[in-house]
Amino acid sequence: MGVEGCTKCIKYLLFFFNFIFWLTGGVILGVALWLRHDPQISTLLGLEYDGNHAPSTFYISVHILIAVGAVMMVVGFLGCYGAIQESQCLLGTFFACLVILFACEVAAGIWGYMNRDTVTQEMKNFYDSAYDSAMKTTVNTQEKNNAASVVLKAFHETLSCCGKGTGTNIGTKFTDSLGLTNICPSGASTSCHQRINDLFHDKIYLIGIAALVVAVIMIFEMIFSMVLCCGIRNSPVY
């Protein structure tokens, strides 16, 4: 004999939320894999010159998101099956997994908030270092294809930008026109600092929104799973 009345309604609500949770896990996993293999990000984070590598802090958040998405799909399936089978053991395991996952997400959220500007700043510093090195080497030695210049051209062509700001944008285009450098793509009028901000801030906010949605769903699921467990324990079959 299964649960009845209000508890039965909770059972189907839990199944519904778990199904949404499972789908959300799949979406998050897909978004995380897209972020991991985004052409612009992959190109920029794969750059290096003179032993200096592009900062990989952004990938830490993405890898956490991949792990969360995969675990969510497993936990969501466990919750759906436990709700349909009205199994206290499965629901208890599901609740424990939710608590652990929620705690990890809160910790990741705090880390992400504290480091929300770190990703863009590290990338700007890497760009500035490459820019200064490329301009100094090129102007002084006329070596237009040095390692820093190659990195700089990759930035400019990938983001369709040029220079740190308006001043360096105009200055670099001037040296290009004189033949001293060959760095800025034609038609690039936006600074690379602005492009880096636009690229990574949008992606970081996307990660934050996904984490918030998952947290809300998990809270509802924890409540429903506890209520259903109590209903199963108090049902006549027990």
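Remark: Leu23 engages Phe19 in a side-chain contact (heavy atoms from CB on, under 4.5 Å) (not counting sequence neighbours). Under the ring-ring contact (aromatic ring centres under 6.0 Å, His included) criterion, Phe126 pairs with Tyr49, not counting sequence neighbours. Residues forming a side chain to side chain donor-acceptor pair (under 3.5 Å) with Asn125 (at least two apart in sequence, or on another chain): Gln121. The ring-ring contact (aromatic ring centres under 6.0 Å, His included) search around Phe155 returns Tyr127, not counting sequence neighbours.
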Give every donor-acceptor pair under 3.5 Å between a side-chain atom in residues 63-77 and any protein atom, sequence neighbours left out.
residue : atom : partner : partner atom : Å
His63   : ND1  : Tyr59   : O            : 3.2
His63   : NE2  : Arg36   : NE           : 3.3

Cut-off 3.5 Å, no hydrogens considered: what does the side-chain donor-acceptor table look like for residues 192-199, sequence neighbours left out?
residue : atom : partner : partner atom : Å
His193  : NE2  : Asp128  : OD1          : 2.7
His193  : NE2  : Asp128  : OD2          : 3.4
Gln194  : NE2  : Asp198  : OD1          : 2.9
Arg195  : NE   : Leu159  : O            : 3.2
Asn197  : OD1  : Lys124  : NZ           : 3.2

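Hydrophobic clustering (side-chain heavy atoms under 4.5 Å, transitive across Ile, Leu, Val, Met, Phe, Trp, Tyr) keeps Ile100 apart from Leu98.
A distance of 4.5 Å separates SG of Cys162 from NE2 of His156, quoted to the nearest 0.5 Å. Between atom CG of residue Leu101 and atom CZ of residue Phe21 there is a gap of 5.0 Å, rounded to the nearest 0.5 Å.
Side chain of Ser42 to backbone of Asp38: a donor-acceptor contact under 3.5 angstrom is found.
Here the shortest heavy-atom pairing between Leu152 and Ala130 reads CD1-C, 4.1 Å.
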